[in-house]
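One structure is given here, and the rest of the page talks about it.
Letters A, B, ... mirror the listed sequences (proteins, then strands); counts begin at 1. Side-chain atoms are counted along with the backbone in the values below, which use heavy atoms only and exclude waters and symmetry mates.
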Amino acid sequence: MQFLADLKRTHYAGDLRAEHIGQEVVLFGWTHARRDHGGVFFVDLRDRSGLAQITFDPTVSADAAAVGDRLSREFVFGVRGKVVARESKNPNLATGEVEVVAEQAVLFNPAAVPPFHIRDDIDTNEDLRLKYRFLDLRRAPLQQALMTRSKVNQIVRNYLTDNGFIEFETPILTKATPEGARDYLVPSRVHPGQFYALPQSPQLFKQLFMVAGYDRYFQICRCFRDEDLRADRQPEFTQIDIEMSFIVPEDVFGIIEGLLKGVFEQVRGVQIPTPFLRMSYAEAMGRYGSDKPDLRFGLELQDVSDLVASSGFSVFAETVAGGGQVKAVVLPGGGLSRGRIDKLTQVVKTYGAKGLAYATADAEGAWTSPIAKFFSAEDQAALSQRLGMAAGDQALFVADKPGVVAAALGALRQTLAREQGLIDPNALAFCWVTEFPSFEWDEKEQRWFAMHHPFTSPRPEDVPLMDTDPGQVKARAYDVVLNGYELGGGSIRIHDAKVQQKMFDLLGMSAEESRQKFGFLLDALAFGTPPHGGIALGMDRLIMLLIGGDNIRDVIAFPKTTSASCMMTEAPSPVSKQQLDEVHITLKGE
RNA sequence: GGAGUCGUAGUUCAGUCGGUUAGAACGCCGGCCUGUCAAGCCGGAGGCCGCGGGUUCAAGUCCCGUCGACUCCGCCA
């Protein structure tokens with residue numbers, strides 16, 4: 001009987017249990033560890049399901065033992081044998097009640113000594129693990145992340161298909177877009193000097209599916225943005241992309257809530273309550289200093305601008321007089337040392353704050369604080385009361401422009417919560433953030449930019465404001481947020497060619513320019529476009545949050561480093577002169 | 001583009017005030033061992049101290065630059 005041809009795998013190693021005792025099994029896998037006692041010896045066979053202990057006993061099979069004797073770390077082998085109960089059980093192993101006594105074995109392939117230990121609790125530098133990603137991927141945590149990812153793909157497809165969505169593909173080689181993220185460009189060989197771009201998202205294509213009448217579209221698609229990386233951002237990432245016709249935002253919310261409910265139930269076995277909390281952008285920024293608020297803890301931002309406007313503390317008074325804000329976060333129980341506050345001051349400074357004022361209240365609301373001398377006893381009591389401070393509570397203040405106050409205190413809030421252990425690791429705090437401004441003013445370029453994208457519909461009642469006060473226009477846009485991460489975002493789109501043209505005008509795009517860049521869209525809007533809208537969810541972030549991780553590299557099989565390189569393939573890399581010639585490119589300085 | 005942290009054996013780290021031959025654990029190689037669980041015991045090999053300059057009688061250690069990894073700011077419609 002030959003392995004592979006006659007002897008097929010009967011089980012995965014990690015699935016063996018007491019119920020299999022007495023059965024003959026065939027296992028294939030890698031040598032995880034080996035414990036040799038001179039006579040009988042043990043080899044842990046590892047496959048994608050886990051480990052099983054193989055016992056090689058020369059008195060059972062000398063041939064099998066001879067094969068087993070050659071096994072070293074990561075050698076690939078197969079074994080046939082009987083499952084037996086162990087003499088001494090291992091409660092730390094899922095298969096710890098049983099072992100397989102080898103009767104026949106085959107060495108398929110030896111292995112070089114791996115550059116790092118292939119173990120679950122590895123502490124090796126990530127760059128080395130990325131260089132040998134195929135070894136890192138043998139580890140259970142990564143295998144589980146990728147298998148979870150596969151499962152989510154299937155749940156999403158089933159759910160959306162069951163709800164009448166149709167899955168389509170859209171081009172990867174497409175047209176460069178003037179707004180938004182930096183494009184990855186692909187030179188054209190056939191058209192010298194011209195370029196395709198990789199899609200930042202299939203935005204316009206999915207809208208055109210609506211124009212074409214397909215009504216409900218989805219795609220699990222790769223998107224590309226040539227911007228700097230973060231722990232939750234890769235240059236190529238995967239979106240669950242959705243678009244629907246004849247809808248209002250609530251329809252999108254319902255579909256997404258049902259989708260996420262199903263995913264968390266089937267993957268984590270938890271019930272998440274729906275509908276999710278809805279919160280305006282203004283409220284999110286005001287209370288949490290973020291458009292993606294982490295609602296797993298309190299520490300809300302509180303405005304004291306009116307109470308300090310006429311105080312003797314000129315930093316606060318002048319900030320308010322200049323149109324700024326003074327806001328505070330209160331840490332119940334306080335106890336932050338001077339050294340801790342210095343560290344937190346560094347945190348807020350990275351967001352542009354000039355400093356961090358602080359005060360500890362007593363039972364009467366009187367302060368112990370370097371700035372206490374600037375406030376009367378009445379002022380101190382009034383501020384303590386406004387902030388709801390009990391004895392010993394510590395307030396941390398930032399005074400600045402609203403944007404700086406929000407960013408600084410928002411980050412401070414997050415840092416404090418983490419350091420003080422205020423976050424329940426099992427909590428899942430979903431919410432929708434709505435009513436985003438349509439436009440933000442760019443000081444440097446002295447023009448309006450679309451906060452979401454230029455195809456986002458303003459609220460109908462705000463359309464006239466586009467002419468008079470663009471900063472006040474609210475968009476029919478929405479983000480779904482989980483634990484402080486933006487899980488996805490979308491909007492109701494413009495389906496009126498006149499409004500779309502108005503949008504391009506406002507963004508400073510001439511008629512010729514808009515026609516050249518988006519002529520096909522303007523054409524489409526003229527040919528019977530239904531009201532429509534949609535959303536895209538970040539698949540990588542979703543998986544990361546599902547497994548309780550904090551870095552999307554851990555849920556991507558072959559991720560890139562923060563400098564957008566692949567340590568394994570060494571991409572990007574130089575190309576030959578001939579390849580450059582074919583696409584009509586001359587390198588600078590050559 | 002900017003800030004911070006890190007870079008010493010295959011891996012994870014230590015290395016004092018700049019001073020003799022750069023250490024430990026794990027891994028690796030050899031030997032012993034019949035019930036281990038990352039087995040154990042004995043022995044051995046293994047170093048471009050990221051790279052380049054500088055200061056010094058002397059640099060893993062101090063200074064400057066550079067490369068790479070990570071985290072963050074800017075950026076990410």
If you take the centroid of each ring, where Trp contributes its six-membered ring, are [Y] and [X] closer together than 6.0 Å?
| X | Y | value |
| --- | --- | --- |
| A/Phe504 | A/Phe518 | yes |
| A/His532 | A/His495 | no |
| A/Phe224 | A/Phe237 | no |

Polar pair under 3.5 Å, donor/acceptor by atom type, side chain [X], base [N]:
| X | N | result |
| --- | --- | --- |
| A/Arg225 | B/C76 | no |
| A/Glu87 | B/U36 | no |
| A/Thr561 | B/C70 | no |

What's the closest nucleotide to the [X] side chain, out of [options]?
| X | options | result |
| --- | --- | --- |
| A/Glu227 | B/C73, B/C75, B/U36 | B/C75 |
| A/Asp228 | B/G10, B/G35, B/G74 | B/G74 |
| A/Asn125 | B/U36, B/U11, B/U12 | B/U12 |
| A/Asp36 | B/A39, B/C70, B/C33 | B/C33 |
| A/Thr124 | B/C37, B/U12, B/C73 | B/U12 |
| A/Arg233 | B/U11, B/C75, B/U34 | B/C75 |

(message) Within 45 degrees of the ring normal and closer than 6.0 Å to the centroid, is that where the cationic atom of A/Arg34 sits relative to A/Phe41?
(response) yes
Between [X] ([atom1]) and [N] ([atom2]), how many Å, whole number?
| X | N | atom1 | atom2 | value |
| --- | --- | --- | --- | --- |
| A/Asp57 | B/U34 | CG | P | 12 Å |
| A/Arg86 | B/U34 | CZ | P | 20 Å |
| A/Asp121 | B/U12 | CG | C1' | 12 Å |

Look at the side-chain N and O atoms of [X] and state whether any lies under 4.0 Å from the OP1 or OP2 oxygen of [N].
| X | N | answer |
| --- | --- | --- |
| A/Thr562 | B/A69 | no |
| A/Arg230 | B/C73 | yes |
| A/Asn551 | B/C70 | no |
| A/Ser563 | B/A69 | yes |
| A/Arg35 | B/U36 | no |
| A/Arg129 | B/G10 | no |

Using purine N1 to pyrimidine N3 plus N6-O4 or O6-N4 for Watson-Crick, or N1-O2 and O6-N3 for G-U wobble, both under 3.5 Å, which nucleotide pairs with [N]?
| N | result |
| --- | --- |
| B/U21 | none |
| B/G7 | B/C67 |
| B/C49 | none |

(message) Using the P atom as the point on both nucleotides, what is the distance between B/C76 and B/U61, in whole Å?
(response) 41 Å
(message) Any salt bridge linking A/Lys131 with A/Glu570? Criterion: basic side-chain nitrogen under 4.0 Å from a carboxylate oxygen.
(response) no
